[in-house]
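Below is one structure, written out as structure tokens; the observations come after it.
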Amino acid sequence: MDLPFEIEDVEKNLANELMQHYTGELSGFVRVGPKGYFLPQKYKGQASDIYNIPIRSDDVFVVTYPRSGTTWTQELVWLVKNDFDFQTAKTTPIAARFPYLEFSILVHPVYEQIMRDENKIDPQRLKIVNTAVLPSAEKVSKMPSPRFIKSHLPLSLLPPALLDTAKVVYVARDPRDAAVSHYHLSRLYRIQGAPKDFKTYWNYLIRGLHHFSPILEHVKEAWRLRNHPNLLFVFYEELSKDLPTVIRRISKFLGKSPTDEQVEKLCEHLSFNNFKDNSAVNEMLLGKIDFLNKGEAPFIRKGKVGGWRDYFDDEMMQQADRWLLENLTDTDLRFPSWDL
Ligand code: A3P
């Protein structure tokens with residue numbers, strides 16, 4: 001199937017400016033479709049294969065803009081669907097149980113080579129490198145059913161049969177919190193990089209100039225489809241406020257009816273403190289091959305609603321209010337923590 005959207009290179013001067021900050025990218029960026037989704041150059045080579053991935057009826061996808069509570073939701077979904085098999089969950093990395101579809105587009109060929117060179121004498125580590133760079137479609141084609149797949153791509157760039165064939169849980173988070181969180185993750189990832197100060201990053205983000213942005217378009221796409229029977233729309237803030245209710249909602253959506261005891265045990269397993277100490281969800285593949293920048297916040301970081309306030313000065317707060325108002329005029333989407 002041909003792609004129904006255009007992929008355009010980000011103009012050279014702007015790309016060069018951004019690559020000074022996003023140091024993991026060395027070839028530039030693309031903007032995709034009418035909303036101009038911002039992605040690394042490498043996406044171009046995989047766009048069609050991703051769009052044409054055959055979807056299976058028992059697939060379960062968790063789709064989010066990065067740092068919206070993806071891992072938290074993946075673990076919840078996986079455990080509900082796998083009859084609360086905590087043993088396997090604790091001993092098998094989430095990346096193996098619930099892989100990140102398009103991760104390889106983030107690994108620039110030059111960094112791929114550096115990864116290979118740095119890890120060539122250790123077969124275990126080399127295996128991790130090979131997993132990290134496996135093209136998206138190939139990665140999921142080999143998975144046994146039922147497949148659990150994570151993606152940060154907006155729904156419009158995923159296979160068009162997805163919603164009519166499989167189940168999708170979409171998680172959204174107040175963009176200000178997601179931005180702070182993504183800023184930290186970008187600093188942690190050697191394959192990504194971020195400006196030194198959050199303000200510079202934020203100013204790029206509201207122009208849609210960061211991976212998987214524009215964030216509000218990403219969320220609005222899913223919000224518009226929230227009544228589709230195969231899409232469940234969840235807010236990070238709901239998970240944070242009332243986890244048992246969200247567990248029950250997701251269970252019902254997945255055709256499961258957990259007991260009170262199972263829900264209680266799952267809440268315990270998913271609590272921030274337990275999650276933070278759980279190496280199956282908090283240890284990234286890149287950490288295992290020492291490919292993370294030192295001295296940065298860990299993957300499971302603070303887990304707070306509203307932590308963005310510590311990062312915004314008055315000017316940024318007003319700018320954020322205006323940006324949210326302008327971008328939410330064409331929708332009734334409102335974030336639970338929205339206080340305008
Ligand atoms: P912070 O950086 O604000 O702490 P994702 O999995 O989409 O990358 O999202 C990561 C964000 O979810 C991080 O936010 C992380 O700390 C938070 N998170 C992960 N597990 C959590 C949990 N069990 N409880 C609360 N927040 C959690």
Side-chain angles (χ1 to χ4, degrees), residues 61-80 86 89-90 93-95 97-103 106 148-154 168-189 191-192 194 198 201-202 205 210-213 215 218-219 222 233-247 250 263-287 292 296-312 335-337:
F61 276 64
V62 168
V63 179
T64 66
Y65 182 84
R67 307 305 280 167
S68 301
T70 327
T71 319
W72 202 7
T73 309
Q74 286 173 269
E75 185 74 344
L76 191 169
V77 163
W78 192 90
L79 276 161
V80 165
F86 291 101
K90 281 181 193 157
I94 193 136
R97 289 179 283 128
F98 213 133
Y100 177 0
L101 177 65
E102 67 280 1
F103 184 81
L106 300 172
F148 296 89
I149 299 172
K150 153 188 167 178
S151 178
H152 290 316
L153 291 171
V168 178
V169 179
Y170 186 93
V171 193
R173 185 182 191 186
D174 186 315
R176 296 163 295 191
D177 276 332
V180 169
S181 186
H182 204 188
Y183 167 71
H184 281 292
L185 184 75
S186 304
R187 291 178 59 104
L188 177 67
Y189 270 11
I191 53 164
Q192 197 136 26
F198 176 73
Y201 168 85
W202 169 252
L205 185 85
H210 194 244
H211 306 65
F212 304 99
S213 274
I215 179 170
H218 198 297
V219 180
F233 190 104
V234 177
F235 287 105
Y236 175 94
E237 292 78 10
E238 294 176 306
L239 285 155
S240 183
K241 194 172 168 196
D242 188 354
L243 190 54
T245 299
V246 180
I247 292 176
I250 293 183
V263 172
E264 205 179 306
K265 219 172 150 201
L266 183 52
C267 282
E268 181 64 19
H269 177 83
L270 295 173
S271 75
F272 183 76
N273 285 337
N274 283 340
F275 222 60
K276 209 172 161 51
D277 294 337
N278 179 347
S279 61
V281 293
N282 196 15
E283 255 183 33
M284 285 164 292
L285 285 180
L286 294 182
L292 297 172
E296 300 295 340
F299 186 75
I300 309 290
R301 195 182 61 94
K302 294 258 181 198
K304 292 260 177 301
V305 171
W308 62 269
R309 286 171 201 286
D310 296 338
Y311 288 77
F312 284 60
F335 293 88
S337 54

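Each ligand, and each atom within it, is numbered from 1 in the order the structure gives.
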Minimal non-hydrogen separation, Pro298 against Leu188, with atom names: C-CD2, 4.4 Å
Closest approach of any protein heavy atom to atom 26 (N) of ligand 1, naming residue and atom: Tyr236 OH, 2.8 Å
Min side-chain heavy-atom separation Phe98-Val62 under 4.5 Å: yes
Protein contact to atom 1 (P) of ligand 1 [nearest heavy atom, distance to 0.1 Å]: Ser181 OG, 3.4 Å
Heavy-atom proximity to atom 25 (C) of ligand 1, best of Phe275, Trp308, Trp72, Tyr100: Trp72
Short N or O distance, Arg67 and ligand 1, threshold 3.5 Å exclusive: yes
Under 4.0 Å to a heavy atom of Thr71 - the qualifying atoms of ligand 1, by number: 5 (P), 6 (O)
Pair Trp202 and Tyr311, ring centroids less than 6.0 Å apart: no
Closest protein heavy atom (residue, atom, distance) for atom 7 (O) of ligand 1: Thr70 OG1, 2.3 Å
Polar atom proximity, Pro66 to ligand 1 (N or O, under 3.5 Å): no
Residue portion contacting ligand 1 (non-hydrogen atoms closer than 4.0 Å) for Lys276: neither
Ligand-side contact atoms (ligand 1) for residue partner Lys302, heavy atom cut-off under 4.0 Å: 1 (P), 4 (O), 16 (O)
Nearest-contact summary for atom 16 (O) of ligand 1 - protein heavy atom, Å: Arg301 N, 2.9 Å
Contact summary for Ile250 and Val169, nearest pair of heavy atoms: CD1-CG1, 4.4 Å
Ligand 1 N/O within reach of Gly69 N/O, cut-off under 3.5 Å: yes
Atom 11 (C) of ligand 1 - nearest protein heavy atom and its distance: Arg173 NH1, 3.7 Å
Proximity of Ser68 to ligand 1 by residue part, where a heavy atom lies under 4.0 Å: backbone
Within the 6.0 Å centroid threshold, strictly below: His211 and Tyr189: no
Atom 19 (C) of ligand 1: nearest protein contact (heavy atom, Å): Ile300 CD1, 3.7 Å
Phe272, portion touching ligand 1 at heavy-atom distance under 4.0 Å: both
Other residues, nucleotides, ligands: >12 heavy atoms within 6.0 Å of Lys302 NZ: no
Side chain to side chain, Arg301 and Phe272, heavy atoms closer than 4.5 Å: no
Contact partition for Val281 relative to ligand 1, non-hydrogen atoms under 4.0 Å: neither
Numbered atoms of ligand 1 (with element) below 4.0 Å of Leu270, judged on heavy atoms: 22 (C), 23 (N)
Check: Phe235 ring centroid to Phe233 ring centroid under 6.0 Å: yes
Min side-chain heavy-atom separation Val219-Tyr170 under 4.5 Å: yes
Under 3.5 Å side-chain donor-acceptor pair for Thr73 and Tyr236: no
Centroid-centroid under 6.0 Å between His218 and Phe212 rings: no
